[in-house]
Amino acid sequence: MAINYVCRHCRTFLGSINKSDATEMQLGLHSLTPAERRDIIAYDSDGETTVKVTCDYCKEAFENNPELSLLASPLQ
């Protein structure tokens, strides 16, 4: 089971963890609300998990240009 990290804004692949026994506590996902979980974590039929985060490039772009947060697809 792989856990893939992808930027939620530009869809850049950020990395992967190939540890089948990694717990949500170890990954820091345990504190998410049910709504956050639905928004951030996706599971596919192959048993892989995708976690949508914000990459450093997009974080900096939003910090320097806050108006980008008003757009539906600001960095695609």
Side-chain angles (χ1 to χ4, degrees):
M1 169 180 100
I3 302 160
N4 302 305
Y5 288 83
V6 177
C7 179
R8 67 166 42 281
H9 304 287
C10 67
R11 293 184 172 70
T12 298
F13 176 77
L14 300 171
S16 182
I17 297 174
N18 291 312
K19 188 174 178 187
S20 62
D21 60 345
T23 66
E24 290 190 357
M25 178 77 91
Q26 291 172 321
L27 299 172
L29 304 174
H30 64 285
S31 62
L32 296 174
T33 66
E36 290 169 331
R37 293 177 71 73
R38 285 188 299 274
D39 187 45
I40 295 171
I41 304 170
Y43 303 94
D44 71 11
S45 59
D46 295 330
E48 294 196 358
T49 302
T50 300
V51 179
K52 294 180 273 182
V53 296
T54 301
C55 70
D56 291 338
Y57 171 80
C58 291
K59 180 179 179 273
E60 184 177 329
F62 280 113
E63 287 173 353
N64 293 329
N65 304 285
E67 68 278 3
L68 290 175
S69 65
L70 301 173
L71 303 173
S73 300
L75 301 171
Q76 296 177 15

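Start at 1 with the first residue, then count along the sequence. All values reported here derive from a predicted model rather than from experimental measurement.
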message: Could you measure the distance from the CD1 atom of I41 to the CG atom of L27? Nearest 0.5 Å is fine.
response: 8.5 Å
- prompt: Can you list the residues that meet the side-chain hydrogen bond (donor to acceptor under 3.5 Å, both in side chains) rule with S16, with sequence neighbours excluded?
  reply: N4
message: If you compare all heavy atoms of C7 against all heavy atoms of T54, which two are closest, and at what distance to 0.1 Å?
response: SG-CA, 4.1 Å
statement: For Y5 and V53, the nearest pair of non-hydrogen atoms, with its separation, is CD2-CG1, 4.1 Å
field: Qualifying residues under side-chain hydrogen bond (donor to acceptor under 3.5 Å, both in side chains), relative to D39, sequence neighbours excluded
entry: R8
query: Rounded to the nearest 0.5 Å, what separation is found between the NE2 atom of H30 and the CE atom of M25?
result: 4.5 Å
- prompt: Who passes side-chain hydrogen bond (donor to acceptor under 3.5 Å, both in side chains) against T33, sequence neighbours left out?
  reply: E36
- request: Any chance you could measure C55, atom SG, to R11, atom CZ, to the nearest 0.5 Å?
  value: 12.5 Å
- prompt: Excluding sequence neighbours, so at least two apart, what forms salt bridge (Lys or Arg N to Asp or Glu O under 4.0 Å) with E63?
  reply: K59
task: Treating Ile, Leu, Val, Met, Phe, Trp and Tyr as nodes and any side-chain heavy-atom pair under 4.5 angstrom as an edge, say whether I17 and F13 lie in one connected cluster.
output: no
field: R38 side, atom CZ; L32 side, atom CG - distance, nearest 0.5 Å
entry: 11.5 Å
message: With salt bridge (Lys or Arg N to Asp or Glu O under 4.0 Å) as the rule and sequence neighbours excluded, what pairs involving residues 41-51 come up?
response: none
query: For E60, what residues pass the side chain to side chain contact (heavy atoms under 4.5 Å, CB included) criterion, not counting sequence neighbours?
result: N64
